Amino acid sequence: MAGKVKYACDIEKSVLINNFEKRGWVSASADEDWNFYWSSVQTTRNIFSIENGYRLQDDQVINHFPNHYELTRKDLMVKNLKRYRKDLEKEGNPVSERDEEGRYKYLDFIPVTFLLPADYNLFVEEFRKNPNSTWIMKPTGKARGIGIFLINKLSQLKKWSRDSKTNSFAAPSGKDAYVISRYIDNPLLIGGKKFDLRLYVLVTSYRPLKCYMYRLGFCRFCTVKYTSSTSELDNMFIHLTNVSIQKHGDEYNNVHGGKWTIKNMRLFLEGTRGKEVTDKLFDDINWLTVHSLKAVSGVMANDRHCFECYGYDIIIDNNLKPWLIEVNASPSLTSTTAADRIMKYNLINDSLNIVMPNGELPDVRWNKVPPKEALGNYDLLYDEDLAQADILERDTKSRLGLSVGSRGRDTKSSFTGRPPPTTWK
Amino acid sequence: MTGKPLVCSIRNPHPITIGDPRAEFSSGCAVVDVTFPSTKSVDIGEITFKNNYTALLSIKLKVREENEKEEEEPAESDGETTLTWVTGLKNVQLMPDPHCEDRAQSYYRIKREQLLTPPDNVLSVRLVLQQPSPVWLSFGLDDIKFYSPKDETSELMLSELVNGDMPADDEAMNDIRKRVKENKDIPPVEEISTSLQQMWALSETARINQTEASLGRFDVDGSYDINLLSYT
Amino acid sequence: MDGATDMELSHLVDMVTRNLKATPLYTDMRQAAAAQAQKDSFHLGDLKQSLLSALEESGWERKLRNAVYREMLICAQRELSIAPPEDQKEPLTYMRKAQGAWEKRILKSLNSMCTELSVPLARKRPPQEQKELLSRWTELGTEEPDLSHFRPVYAPKDFLEVLVNLRNPNSNWTEQASHFNLWGLVQLPLRTKTRKQLQTDFSELSISEPQAGVDDSPEIPVDVFASERTKLGRRVLEAEHSPLAQQYAKKGCPTGLRGAIWAQILGVKVDSVDQLYYQQLKSYVIHHDLLIDSLIYKDVKLTAANDDYYFVFEDLLHQILLIFSRDTSVLKCFAHTSATPAKSYIRGKLGMEEFQVTYPPSGVIPFHGFTMYAASLCFVYDEPARLYFVFREMYTRYFFHLHHMSSHPQGIVSLCALFESLLQTHEPELFYHLKGVGAQPLKIAFKWLMRAFAGFLGSDQLLLLWDRVLGFNSLEILSVLAFAIFSFRRTNLLEVSSYAAAEAVLSDLTTLKLVPLLQLALFS
Amino acid sequence: MSGAQFSMSGEEYLARHHVITYLEDAVSQLLEHKEENPRVNPAKFLSDYFTSVHRGNHTLFREYEYIKATPHNRTAFIRIFWKCFRQVGKSGDLLNAKEYQSLLCLLCPDFPLELVQKTARIVLMDDAMDCLMSFTDFLFAFQLQFYYDEFLYTASEIYTNIMSATRGSRDAVVVPSVSRTKGKPPQLSDGPDSVESTQFFEAVKMLCETFQFSHPPVDILRGILMSAPRVSFYGFLMALAKHEGINSAVGILPPKAQILDDTDPDIQISSARTPRPVSAASKPAS
Amino acid sequence: MAEKRKPASADEKMPESNRDFLEKSAVRSLLRGAISKLIENRPEDPIAFLAEYFDSADNKPGSNKVAKAHQELLLTHHSRPAFESNMMLAYQILSAPKNAKSKAGLKGDLFTELLTKILREVPGEVSEVLLKKLLCYENEVIPYDIFHSGVMTCFIFLDFYAEADGLFTVLDTSRKKEVDKELCDVVLNQLNAAMTATKDDPKSILEGASKLRPDALAIALDNAFDSVVYDESMARDEFVMTAVIMFIAKVKPLR
């Protein structure tokens, strides 16, 4: 058979097609024997579903893991993460250490979250502890801020459940279930505006874990001034930064689309807050990414044919602590601005270079360690093979070092906070 | 420098041409002659002028020699014989680079100390201007002024001040004093005077104590309503 | 006359002391001295001596030295002179005339804008409006008034036009050809530095010297230089000595220290009084509504708000630019340039001396792109007052020169001349080619110069550039950079055959790395 | 404000107002006070101290040395004495020296008898020392004696010198010695006990010009001494004591007439003695 | 109490404990401060002064800043050198931040309050004319030299006012509480002439002064009085007010 790579594609996005064609690949339909499939999550699920006994060949690669939702569905992510912590605690791993208030020292990187209606009572209990806190409701299944709303009174929640009953979609069939999580009400503001981070993380394997962080992430800004006053609660634009929502705000500017490069953010933070804290922030972000992946690596069906490019949504509070909000399996490839388009084109390009070395026919038995120069704008984030078993050991030691350091404002020690350099930088 | 400049007549710069004066070629050299009308010679304290594209300046002074006897009658005999030319300045650079604007129109002040010979008993001055660069259409010096070393004006000013609007002769003053004293509905003048002077002194102290500093206001008593800008 | 006489010197001293007496430093120091004198250790005998040493130890002497240094910089231009005021502002008559005419043009267009839109130049806001404005002070960017009728008073190209037409009535054309380029647009016999001179002036930039902006880049794995640099920087800051900080900046500042270093160079330390003054200016903004405000608003919208580097700072920019327009202390810098602020009279008081006012209070009428001067500073300072005072200082020291006609070596005219002479002497082929295809280099470079590259370079690179401006206390580096960019892109430029094409080649400078460019241009 | 206080040196100024005396005393008081309650607030304490000094109620129960230390203290004490024991005068009781001393000791534990006796001499013209005295007489004599103590002593010296001079040898010229020779005051011996008023006056006048302690106004002295050709020492003292001018000169007691009135002293006095605030409207000293 | 005690001057004889007590409780510096202030200001009643001084030394909360500043300014006459440093102290008192979170620095509101307080000695209608020129908006920051010139002007004004008042009494030979208008006009005109004449240069200052010398005055009066005297008269208030206006005319308005 010819050396040409045949690709199939569910999503007709120029950034994809251009990349494929640049490599001289030829289009193929989903049911032909393609080598590379950029599919929707649906398709992937079907392909791997038991009923159709379809088996992928060694020369076939697809862009999702069969049960990616373990990470990308809010409820499941929370569940997995909680379990991950428990396990670490059981094996008495120092990483799982807790502080006085019983919060995790190093693994406390997602806002307190409950599943609704399942954990309703737990939530009420938590809510009662500090009644004037704000919470955010998200449908577990959906992305891009669909069906999201804020509450700061139990009554609002009750009302909602009543309504939803009448609309008869309260059936806690996981899919329509909601998560309610503590709203980060002290977000870092730049120019008085709230924003969140969109980072791209490429995973080529879960066992052993191999993942890459994309350098060209960006901040997504609210176009409306941030105010924590509850009267503004209904104004979604203040609180939600997903571009797809922002687009509806009449403030939306299509030159920059409210997107600000990570590079700019770094420059700003270093300039106004100092280098040490900024470095620490970025270390912490890498740290939480790695552990969010480790948390699911156990349950994830580690199919050798699969890779996945996740969109990480992170909010930074004004103490420069990053909070993981959610992970998207199929980050939007629609480009809002010219710059955006270039960025996304490169994203796909660099991703392909890693999973499909030199754009040749894939062979899934390949151990997936691309040469450094092939990484493009990706940085190796973590490679379990390289970071040997003892690393966790060392790693945790250093984490402790960090904990001391960060308390003692000793900045140098924050560098020891990262897993060893073999993994990133 | 206080005081008025000395009166003198200044001729326009006269270009020095070589050969046929009608020839285009300009030697880049010109002279300005200054003469002091007063038959008696003057002492010069300083010279000020505004440069006008002159690169180099020399100054020659026509002075009367010290040994000159005064009773000798003035005018004609005063002329050529007993009078000598001395050099005050030699090729002082007014423009660092003759081809460039730099200091081409700057003001200059030349103090007597800077002159090679003390400019005393001067009858006339000759300014020799040079501009080697052909870049400029014309060159010269503008508002040239000569000042005498000290201005003698001030003293007489004071004297006339102190008894400004007083009657010249004393007895006139005296019977004024008398009349005022006798006038019963005029209280003692001295008392009034001291009191007035006190008040005047106070107002002066107040004036001196006023600051130049500004609060940064731009309005005039609370109003900053403007319709249009003024062109002047 | 060269060699400042004692007279001039004493005059300078007087001026400095007078200015200093007006500052809180004076009172504070006196108080400190008194406090010291109360100490046991003091004996009347050596009072003076021990007092001096005490003040030195307690850091006052250093504070004073910095203050004096700062005053000197400002007073330096104003040495005692017999020249009439207008000559002290600008010696060249034709330059003065040109500037005057240009200002008149600006006035005209402002006035006509007023009449067309039938809005006053300035008016007091009704109380309700004041409240409303106050309430949304921190989100001025969000409310969208209709500014479609407002247009920038002028843009760089308008100003360039005027510069291009500057002529010295006394210059002899036929002759000048032999002495001066006739290629360039600036046709004035201004003295410009040669590359040799620049090399000595900017010797710290030479390749042999390690530079922030190259040697601290993350690509270099072990950032030894960076950490060394930072250590040194910390020590400089402790020393609290402006000239030291200035020397340090010549090689660029680490991002983390830049804010502090710049503040030290500029002598800006925002104490509570400054904070109050900032509030005072704010209240002025609240009280009066100016036509200028709309222009500022428009400019922010047109530039920063549309720029993917700076849009996040939109609200901040509105605040400080409005405040800037109300700050009469800016007027000081008109004392020593050809420019004069616009004048007007309170309504109904036309022609009455005591009712004459300057407009706007700061005397500065923004042009298209003015905002960018401030925008870049937002990456260094986020506290509004601090941001403001640094901006004001930067403006009055540097940017001010970039949009007035003068023969000042830092003035925009000289900078253009420098750029052209550099390009003509060292890239004659390129210059000739571009000129041939109707793409006069200055036509493209002018907006860079006029905006000190703000909004053209990448934000980090721009800050590295301004490090040097502050460090060498000179804007000439701008001309050098402009020249550097041209020669760096020469191969592409030599291929273009139209102005548009040339502009396209030079449209995106965000990818350029500043320091290597400068080094290339100066030392290769 | 008369610029006077600026013409003298700082030390002179302080001395003139006995500032150091008070500051020193204040500190020692403070230290003493501190013994009982260590948590004392010095500033507060000092402020209170000087307020009371200013009001003149600071001498109560203080040791004699202090009471005597400054003219202000003396007047303050005289005033207290008067305020406390007016009743005695009102009731019209007559007391002898010893009894008066015991009264004084109630206010100042170590008040010396000697001074009381000197006072008695004035009232009783130097005889029948244990006679009874009216409160008023005693009060004014006491005021004179206590306030002008140093002056009276020197005056008596002068007096004796003149006496001995006129009596004995012919050296009439008398140089009053201002120096205080220790020991008892010279005994005034028998014989025609009086001197020539003019001569005595001249001497006393000279004394006043140079004297560093407070002394009665010269013209009052003149008034008294010029009234008669000759004067006896105690006659002279008696006259001084009774002289209204002296009372007002000391300026602490109300005029004799109202000395026993019941009006609260503080009102009239304080209104009379409130320190004039340095008025901004006064002329510059230039 | 009765036992005699050595005055505290004898430091060395003091038990050590006392010494340290005086040190730590800062009594020494307190006293030193007191004495130097005394020497500086030479008040007529030093005792009252000291009481006042120590009282403000232990500053209890709620003490009114303006009052304190005013006190400080009243310590000595403005013609005395000490006044300068008192002025600075006053400025610092006023500049002290109101509370923990408010900013240090003097703003228009307090400044206005102070000036009004200083001027309360003169009748309202008089003071308000001056204040119109000196007052600031409440949110304007007052730099020291504005403060200085404002305060100076007020105090000098008080003197001027008193002087003018006194002058009237001089003129009012027949204690009729009113003076011949002619006379007043002459006097005032002379004064005005002198005041308006003076510029900065020494000549004109002399010129101004000369107008007020007895002879000059005499002449003026003489001229005035041999002209016909129609008997109008001027009351105290009017006279003083006219003088005051002249003074105020020379006060620069704030910018």
Side-chain angles (χ1 to χ4, degrees), chain B residues 2 151 153-167 170 172-222 224, chain E residues 78-79 108 132 136-137 140-146 148-150 152-153 156-157 159-160 163-164 166-167 170-174 180 183 187 190-191 194-195 198 202-203 205-219 221-222 225-226 229 243 246-247 250-255:
Chain B
T2 55
D151 58 352
T153 49
S154 47
E155 299 82 359
L156 66 286
M157 274 294 292
L158 289 186
S159 54
E160 100 203 2
L161 249 171
V162 173
N163 36 31
D165 41 15
M166 303 289 155
D170 288 359
M173 190 61 228
N174 284 332
D175 45 316
I176 290 178
R177 294 206 183 93
K178 230 157 114 285
R179 242 179 293 134
V180 174
K181 218 172 224 57
E182 281 148 5
N183 184 336
K184 72 219 118 353
D185 44 350
I186 298 180
V189 175
E190 288 68 18
E191 258 184 80
I192 304 178
S193 165
T194 41
S195 172
L196 280 179
Q197 291 187 6
Q198 181 63 256
M199 291 166 79
W200 173 76
L202 284 168
S203 76
E204 281 304 295
T205 11
R207 191 173 58 80
I208 292 158
N209 274 293
Q210 308 231 340
T211 175
E212 288 305 314
S214 144
L215 285 163
R217 278 194 204 156
F218 49 84
D219 55 3
V220 180
D221 30 18
Y224 192 68
Chain E
H78 61 72
S79 58
K132 224 189 238 87
C136 301
Y137 305 136
E140 281 174 326
V141 195
I142 312 302
Y144 179 69
D145 49 358
I146 297 253
H148 182 280
S149 84
M152 256 324 203
T153 315
I156 296 173
F157 178 75
D159 286 8
F160 186 89
E163 194 60 49
L167 177 54
V170 173
L171 297 176
D172 185 7
T173 41
S174 60
D180 179 294
L183 179 58
V187 171
Q190 286 301 101
L191 179 61
M195 281 172 67
T198 44
K203 282 188 224 135
I205 294 201
L206 268 159
E207 208 175 330
S210 67
K211 287 204 169 43
L212 301 178
R213 295 179 317 142
D215 288 355
L217 216 53
I219 294 166
L221 288 168
D222 188 49
F225 275 84
D226 51 26
V229 179
M246 291 180 197
F247 179 93
K250 302 198 72 185
V251 177
K252 281 209 235 77
L254 289 168
R255 288 291 282 157

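Note that this is a predicted model, so its numbers are computed, not measured. Each chain gets a letter, A, B and so on, in the order the sequences are listed, and its residues count up from 1.
If you tally non-hydrogen atom pairs under 4.5 Å between each of E:P143, E:P253, E:C136, E:G108 and chain B, the highest count goes to E:C136. In terms of heavy-atom pairs under 4.5 Å with chain B, the best-connected choice from E:T173, E:I142, E:D172, E:L217 is E:L217. Among E:A164, E:G150, E:G166, E:A243, the residue with the largest count of heavy-atom pairs under 4.5 Å with chain B is E:A164.
From E:L191, atom CG reaches atom CD of B:Q197 across 10.5 Å, with rounding to the nearest 0.5 Å. Here the straight-line distance linking atom CD1 of B:I208 with atom OG of E:S149 works out to 13.0 Å at 0.5 Å rounding. Here the OG1 atom belonging to B:T205 is positioned 4.5 Å from the CD1 atom belonging to E:I156, to the nearest 0.5 angstrom. One finds the CD atom of E:E163 at 5.0 Å from the CD atom of B:Q198 (value rounded to the nearest 0.5 Å). In this structure, E:H78 NE2 and B:L202 CG are separated by 6.5 Å, a value rounded to the nearest 0.5 Å.
Taking the charged nitrogens against the carboxylate oxygens, E:K250 and B:E204 do have a contact shorter than 4.0 Å, which makes a salt bridge.
Side-chain contact between B:N209 and E:T153: absent, with no pair of heavy atoms (C-beta onward) separated by less than 4.5 Å. Between B:P187 and E:L183 the shortest side-chain heavy-atom distance falls below 4.5 Å. A 4.5 Å side-chain heavy-atom check between E:M246 and B:S203 finds every atom pair outside the cut-off. In this structure, B:D219 and E:Y137 have side chains that are in contact, with non-hydrogen atoms separated by less than 4.5 Å. You'll find the side chain of B:L215 stays beyond 4.5 Å of the side chain of E:V141, heavy atoms only.
Across all their heavy atoms, E:I146 and B:S214 have their closest contact at CD1-C, 4.2 Å. Between E:L167 and B:S195, the closest heavy-atom pair is CB-OG, 3.4 Å.
Of the possible donor and acceptor atoms, one in the side chain of B:S193 sits under 3.5 Å from a partner among the backbone N and O of E:L212. Side chain of B:Q210 to main chain of E:K252: a donor-acceptor pair is present (N/O by atom type, distance under 3.5 Å, no hydrogens or angles).
Annotation: cation-pi pair B:R207/E:F247 absent, no NZ/CZ under 6.0 Å from the ring centroid and within 45° of its normal.
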